[in-house]
Each structure stands twice: as structure tokens, then as C-alpha cells.
Chemist: 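For reference, the structure I am asking about is given below.
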Amino acid sequence: MTIAGSIILIMLGAILTWAVEFTLAGLDIQVIGVILMVGGLAGLLFGLYRLSTVRRAATTVTPVAPVDEVHTTQRRVYEERRYNDPI
């Protein structure tokens with residue numbers, strides 16, 4: 001679940017909890033709104049945690065081999081293009 005999806009769930013849950021006065025038999029809309037808000041909050045926290053761990057892992061520095069140990073090979077690439085002009 002993305003961060004935007006979590007925020008949408010929180011907003012939808014808040015609307016169902018505090019703005020809707022519709023009732024259904026055997027179904028409490030306010031409880032469904034609270035459940036959606038809690039699920040959206042859990043998804044938001046997980047998304048932020050995952051985002052922080054990915055950034056931390058991407059910024060690690062790997063040691064570079066000394067210049068003496070690097071073996072370089074050079075390749076030459078030739079490109080030839082032929083065009084057939086219509087007469």
C-alpha cells in the first residue's frame with residue numbers, strides 16, 4: 001500500500017465516521033470508518049518505514065579497489081551507416 005493510498009483510506013474513514021448519518025440495519029458505518037482510519041494509519045506508518053529503510057540502504061558506500069589492482073581493457077567500436085537514397 002502506498003502512502004497516497006493510506007491517506008485516502010484515512011480520509012474515507014474520517015468521512016464515514018463523522019460526516020455520514022446514514023444507517024443500515026445490522027451495519028454500523030461509524031465503526032467501519034474507524035476501521036478504515038486505523039488500517040490507513042497502519043499502512044502509512046509501514047510505508048514511511050519502508051521508505052526510510054530503502055533510502056538508508058541506497059546511501060551505503062562500498063569500498064573501491066586501489067588503482068593498481070584495476071585491469072582496464074579498451075575496446076574500439078566502429079559504426080557504419082549506409083543510406084539508400086531514392087533516385
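Quick note: numbers below take in every heavy atom, side chains included, and nothing from hydrogens, waters or symmetry partners.
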Chemist: Does L48 belong to the same Ile/Leu/Val/Met/Phe/Trp/Tyr cluster as M11, with side-chain heavy atoms less than 4.5 Å apart forming each link?
Modeler: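 As far as the 4.5 Å side-chain criterion goes, M11 and L48 are connected within one cluster.
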
Chemist: Is there a path from L12 to I32 through hydrophobic residues (I, L, V, M, F, W, Y) whose side chains come within less than 4.5 Å of each other?
Modeler: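 Yes, L12 connects to I32 through the hydrophobic network.
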
Chemist: Specify the closest pair of heavy atoms between S6 and G43, including all atoms of both residues, with the distance to one decimal.
Modeler: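 In terms of heavy atoms, the two residues are closest at OG-C, 3.1 Å.
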
Chemist: If you take all heavy atoms of M37 and T17, which pair is closest and at what distance?
Modeler: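 Nearest heavy atoms, M37 then T17: CE-OG1, 3.6 Å.
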
Chemist: Can you confirm whether I15 sits close enough to V20 that some side-chain heavy atom of one is under 4.5 Å from a side-chain heavy atom of the other?
Modeler: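 Of all side-chain heavy-atom pairs linking V20 with I15, at least one is under 4.5 Å.
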
Chemist: Quick one: pull up CG in L44 and CD1 in I8 and give me the separation to the nearest 0.5 Å.
Modeler: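 These two atoms lie 12.0 Å from each other.
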
Chemist: Look up atom CD1 in I7 and atom CG in L41, then write down how far apart they are to the nearest 0.5 Å.
Modeler: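 I7 CD1 to L41 CG: 11.0 Å, rounded to 0.5 Å.
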
Chemist: With clusters defined by side-chain heavy atoms of hydrophobic residues (ILVMFWY) lying less than 4.5 Å apart, directly or transitively, does V31 cluster with W18?
Modeler: no

Chemist: Check whether F22 and L16 end up in the same hydrophobic cluster, where Ile, Leu, Val, Met, Phe, Trp and Tyr are linked by side-chain heavy atoms less than 4.5 Å apart.
Modeler: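 Hydrophobic grouping puts F22 with L16.
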
Chemist: Give me the atom names and distance for the closest heavy-atom approach of G13 to L36.
Modeler: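 Smallest heavy-atom distance, with atoms named: CA-CB, 3.9 Å.
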
